[in-house]
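Each chain gets a letter, A, B and so on, in the order its sequence line appears, and its residues count up from 1.
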There are 2 protein chains.
Amino acid sequence: MSHTKTFRIEQFADLEKYFRRNLMNCLSGYKSLNLVGTMDAQRQTNLAPFSQVFHLGASPALMGMIIRPDSVPRHTLQNIEATGYYTLNHVHSDFYQEAHQAAARYEGSEFEAVGLDTLFSEGFPAPYVKSSPLKIGLKLEEKHPLAINSTIMLIGSVQEIIIQEDCVAEDGFIDLEKLGTVTCAGLDAYYTGQKLGRLTYPKPYKKPSLI
Amino acid sequence: MSHTKTFRIEQFADLEKYFRRNLMNCLSGYKSLNLVGTMDAQRQTNLAPFSQVFHLGASPALMGMIIRPDSVPRHTLQNIEATGYYTLNHVHSDFYQEAHQAAARYEGSEFEAVGLDTLFSEGFPAPYVKSSPLKIGLKLEEKHPLAINSTIMLIGSVQEIIIQEDCVAEDGFIDLEKLGTVTCAGLDAYYTGQKLGRLTYPKPYKKPSLI
């Protein structure tokens, strides 16, 4: 390994603002990337990219998401609270630039503005991204304001999963490489994944092997 | 796009348990992967992989992490609560199998058991993974038990960042590809990232360009 550099908390305040923002946003590593689709009471659709979505549990199937209410996707939060529903849509490498662009401050629908079509599933009250290879319909369960920095954590229960059929293995594993799912880092970097392997369940004193 | 398959909430209960667990764990897409290093009051070190770590804010620099108290890394939670400190360590592709293996139920230290060396930074009371290309020292700030499924969200403030020097760009962006950072999916799949590009700040009615 080459030389290391150490940043300590006492120095953080002296870092140039944009440098600091980039650095801190990169710390967690590769992030999940999802386009969140919502609709207001007048059926005006909204779309925004989110990189702080995480698995919370399989039974019940729950997912968490962090929203900064002061940032661009404020309509997302309003719409989710108004209707109680939202969608998560994996971003394919074919449209990662459109996904990025959906974060711009548009007046009307970002679907139209960036050129992504909606898809509505019967009985589900939020719009999906038609070209997304993995679409998840969620119902808002809980809202946790985090006083420490005024962000909000939403917890949603999975209602519906629409997935490209040939990407679900017999054991339920989803092949993200085959789906073409994109991962992101920091504020503006996008990546595809290249599989190293799947490993057997970890047991003490026994090396894992490739599945 | 090929044919799609739809799973609805009414069917979830009928899915085979392992299939369901795999499927639900894959939904969020690529996940960040970090080894969490801790120590108890007797200086017994502990190491466990976590895939639910996320950026919470840059100023103050905060990171969130989800822990399932009933699962293997229970010592992690005990140690963080006892000492107030923990480390996050990016996993390099050279040791992703050791990182996976650190989730096994060992009696003693997982550092020794899986063959990863500790590194102590002066004045910081939790162990780092020596070979990790990006090490983050955190102080526990808040603990949020999530009643909905008995998971716990910890919020930590960044105290220290130790990073391979040639992987931080002039604007603060961290080059995860160069670091060799691994991302994961589901319960057992590991990947490296391949960059598509960095994009300029999204402005309405203006296509982003590559940085």
Side-chain angles (χ1 to χ4, degrees), chain A residues 2-9 19 21-30 32 52-55 57-58 61 90 97 100-101 103-106 136 142 149 159-166 171-174 176 181 183 185-186 188-196 198-199 202-204 208, chain B residues 2-9 19 21-30 32 52-55 57-58 61 90 97 100-101 103-106 136 148-149 159-166 171-174 176 181 183 185-186 188-196 198-199 202-204 208:
Chain A
S2 68
H3 290 288
T4 59
K5 187 171 172 57
T6 301
F7 299 94
R8 292 218 168 78
I9 189 167
F19 181 98
R21 224 173 128 226
N22 259 332
L23 186 76
M24 299 306 177
N25 267 277
C26 287
L27 291 184
S28 60
Y30 290 103
S32 66
Q52 282 115 296
V53 165
F54 45 92
H55 171 77
H90 279 213
Q97 301 209 2
H100 180 80
Q101 188 60 14
R105 291 179 183 271
Y106 287 106
I136 307 155
E142 293 186 1
N149 70 345
Q159 304 291 308
E160 188 168 74
I161 303 163
I162 305 171
I163 184 166
Q164 200 176 309
E165 195 168 24
D166 57 0
D171 65 359
F173 175 74
I174 297 175
L176 296 178
T181 294
T183 169
D188 53 25
Y190 298 90
Y191 303 79
T192 53
Q194 263 203 316
K195 198 191 282 180
L196 292 165
R198 286 184 72 189
L199 297 176
K203 290 182 179 164
Chain B
S2 68
H3 290 287
T4 60
K5 185 169 174 60
T6 301
F7 298 92
R8 294 219 167 77
I9 189 168
F19 180 98
R21 224 172 130 227
N22 258 332
L23 186 76
M24 298 307 177
N25 267 279
C26 286
L27 290 184
S28 60
Y30 290 104
S32 66
Q52 281 115 297
V53 165
F54 44 94
H55 172 78
H90 279 214
Q97 300 207 5
H100 180 80
Q101 187 61 13
R105 291 179 185 271
Y106 287 105
I136 307 155
I148 196 166
N149 71 345
Q159 304 292 307
E160 188 169 74
I161 302 163
I162 305 171
I163 184 167
Q164 200 177 309
E165 194 167 23
D166 57 359
D171 66 357
F173 175 73
I174 296 175
L176 297 179
T181 294
T183 168
D188 53 25
Y190 298 89
Y191 302 81
T192 52
Q194 264 203 315
K195 199 192 280 180
L196 292 165
R198 287 184 71 188
L199 297 175
K203 289 180 180 166

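- Heavy atoms of A/Ile136 lying under 4.5 Å from chain B belong exclusively to its side chain.
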ring-ring contact (aromatic ring centres under 6.0 Å, His included) between B/Phe54 and A/Phe54, intermediate numbers included: CA-CA 8 Å; B/Phe54 44 94; A/Phe54 45 92; 4.2 Å; yes
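- Looking at every heavy atom in both residues, B/Phe173 comes nearest to A/Asn22 through N-CB, 3.7 Å.
- The candidate from A/Ala185, A/Ala61, A/Gly172 with the greatest count of non-hydrogen atom pairs under 4.5 Å with chain B is A/Gly172.
- Across B/Ile9, B/Ile162, B/Asp188, B/Leu23, the residue that shares the most heavy-atom pairs under 4.5 angstrom with chain A is B/Asp188.
- Atom CG of A/Leu196 is separated from atom OG1 of B/Thr192 by 5.0 Å, given to the nearest 0.5 angstrom.
- Side-chain atoms of A/Gln164 never come within 3.5 Å of backbone atoms of B/Lys5 as a donor-acceptor pair (strictly under, hydrogens ignored).
- Of the listed residues (B/His100, B/Arg8, B/Glu160), the one with the most heavy-atom contacts under 4.5 Å to chain A is B/His100.
- At most 12 non-hydrogen atoms from other residues, nucleotides or ligands lie less than 6.0 angstrom from CZ of A/Arg21.
- Ranked by heavy-atom pairs under 4.5 Å with chain A, the first of B/Val53, B/Asp171, B/Asn149, B/Thr6 is B/Asp171.
- Contact of the B/Tyr191 side chain with the A/Lys195 side chain is registered, since non-hydrogen atoms from C-beta on lie closer than 4.5 Å.
- Considering every non-hydrogen atom in both B/Pro204 and A/Ala104, the closest pair reads N-CB, 3.5 Å.
- Contact annotation for A/His90: only side-chain heavy atoms (C-beta onward) come within less than 4.5 Å of a heavy atom of chain B.
- Contacts between A/Glu142 and chain B at a heavy-atom distance below 4.5 Å involve the side chain alone, from C-beta outward.
- At least one donor-acceptor pair under 3.5 Å links the side chain of B/Gln52 to the backbone N or O of A/His55.
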